[in-house]
2 protein chains.
Amino acid sequence: MRCTPQRYAVMSFLMEHTGHPTAAEIFEVVNRVDPRSSRATTYNNLRDLVKAGLVREVAVEGRAARFDAKGTRHHHFICDRCGEVEDMGWYDVPRPASRSLGKRILRECELIFRGLCTKCARQHASR
Amino acid sequence: MRCTPQRYAVMSFLMEHTGHPTAAEIFEVVNRVDPRSSRATTYNNLRDLVKAGLVREVAVEGRAARFDAKGTRHHHFICDRCGEVEDMGWYDVPRPASRSLGKRILRECELIFRGLCTKCARQHASR
DNA sequence: CAGATGTTTAGATTATGTCTAATATAATAT
DNA sequence: ATATTATATTAGACATAATCTAAACATCTG
C-alpha cells in the first residue's frame, strides 16, 4: 500500500483526532485543508486502511459508520441518542469457552457500552 | 402499541427464527406467507419493536442491520467475511469503573465476538 | 523507456432506510 | 350506536451512505 497524499491525509487526520468521524466528515475536513481528494478515494482509502488493520470501523445502528485510528487498545461507548462514539479505556474481556466457539475462528472480543453521552445526559436531566 | 397482523408477523417471525435476518429478508418472508404488509410498515414495526425493547438491532459494518428477538440474554458473533450474526451464550461483562464513565449514563454492556463463522472458516481452511 | 501494477477521479449506480399524505382501523367518549 | 380521537398501514417519492465504473494518472520494475 503506497503512501499517497490522499491516503496520508486520511490517516493523519484520524491519528490527530480522537473523535470518531464519519467518512463524509473525513472527506469534508481533509478537502477543506487541501482539496485534492474525492469522495470515492476517501472511501477507498478508509476501506484499505481498515483492511490493513490501521483503522477501525465502528458500525452504529441507523447511522453512518465511524472511523478510528487503532492506537492504544480501547473499548467504545456509543450514545443511544446522538450516535457519538467515544473511547473508553481498555480492559481484558473474558473469552468464550472454546466449546461454545465450535469451529468458528475468533479474531477479537469487543466491548461496547451503550447509553447517553455526557452532553445528551445533561440535556436528558434538564427536561 | 397495538398488536396488528403485520406487527405480529414480524415479531413471531423473529421469535421463531434464531437467525438474524435483515429488514429486507423479514419483509420478503413475511409477505411470501401472507402478503399484507408493506416495506414501510416492516421498517416502522421493526423501529417500534426495538424502541419497545422487544427486539434488538445489530449494526454490521458495511452491511444491512440485522434484527433479533430479545429472548434469553446472549452476546453476538459477527462474521468478518459474510456478515452473519450468531448468538453466543451470555455471561456477565465487567462494567467500567464509574470514574471512567464520568457523567455518562450507562444502559448496557454488549460483547461482540468477531472472526469467521463455521461456514467461512471451512472455506478459509480449504484454500 | 515500456509494461505492469496501483491509485485517483467524477459521476452513475446500488443499497438501505425514511418521509409524506392519503387511507384504514381500532379505542374512547358522548 | 355514533362521533371523535388516536394509532397503524400503504405506495411511492425521497434521502443518505456507500460502491462501482471506466478512464486517466502515478509509481514501480526490469
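Naming convention: chains lettered A, B, ... in sequence-line order (proteins, then strands); numbering from 1 in each chain.
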More than 12 heavy atoms of other residues, nucleotides or ligands under 6.0 Å from CE of B:Met15: yes or no? no
For A:His76, enumerate each residue passing the ring pair (Phe, Tyr, Trp, His ring centres under 6.0 Å) test, keeping only those at least two apart in sequence or located in another chain. A:His20, A:His74
What orientation do A:Phe113 and A:Tyr91 show, parallel under 30°, tilted 30 to 60°, or perpendicular over 60°? tilted
Expected output is a numbered-order residue list: members of residues 53-68 of chain A with a heavy atom under 4.0 Å from any atom of DNA chain D. What is it? A:Ala64, A:Ala65
Counterpart residues, side chain to side chain contact (heavy atoms under 4.5 Å, CB included), relative to A:Glu25 (two or more places apart): A:Pro21, A:Thr22
List the residues meeting side chain to side chain contact (heavy atoms under 4.5 Å, CB included) with A:Ala9, not counting sequence neighbours, and say none if there are none. A:Val30
How would you label the contact of B:Asn44 with the nucleic acid (heavy atoms, under 4.0 Å): base, sugar-phosphate, or nothing? base
Which residues pass the side chain to side chain donor-acceptor pair (under 3.5 Å) test with [X], sequence neighbours left out?
X	value
B:Gln6	none
B:Arg73	none
B:Arg36	B:Asp34

Of the residues in residues 6-18 of chain B, which ones touch DNA chain C at a heavy-atom distance under 4.0 Å? none
Under a 4.0 Å heavy-atom cutoff, the residues of residues 21-43 of chain A touching DNA chain C are A:Arg36, A:Ser37, A:Ser38, A:Arg39, A:Ala40, A:Thr41
Length of the line joining [X]:[atom1] and [N]:[atom2], which is rounded to integer Å:
X	N	atom1	atom2	answer
B:Asp48	D:dT7	CG	P	11 Å
B:Met1	D:dA8	CE	P	8 Å
A:Asn45	D:dT19	CG	C1'	14 Å

According to a hydrophobic-cluster definition based on side-chain heavy atoms being under 4.5 Å apart (Ile, Leu, Val, Met, Phe, Trp, Tyr only), do B:Val50 and B:Ile26 belong together? yes
The salt bridge (Lys or Arg N to Asp or Glu O under 4.0 Å) partners of A:Asp48 (sequence neighbours excluded) come to A:Arg7
Identify, with sequence neighbours excluded, every residue that meets salt bridge (Lys or Arg N to Asp or Glu O under 4.0 Å) alongside A:Glu61. A:Arg114
How close do A:Gly83 and A:Ile78 get, heavy atom to heavy atom, and via which atoms? O-CG2, 4.3 Å
Heavy atoms only: give me the nearest B:Arg56-B:Lys70 pair and the separation to one decimal. NH2-CE, 3.7 Å
Bend angle of the helix from C:dC1-D:dG30 to C:dT30-D:dA1 from five-pair axes at both ends, rounded to 10°? 30°
Residue-phosphate contact under 4.0 Å: A:Thr4 side-chain N/O, C:dT8 OP1/OP2: yes
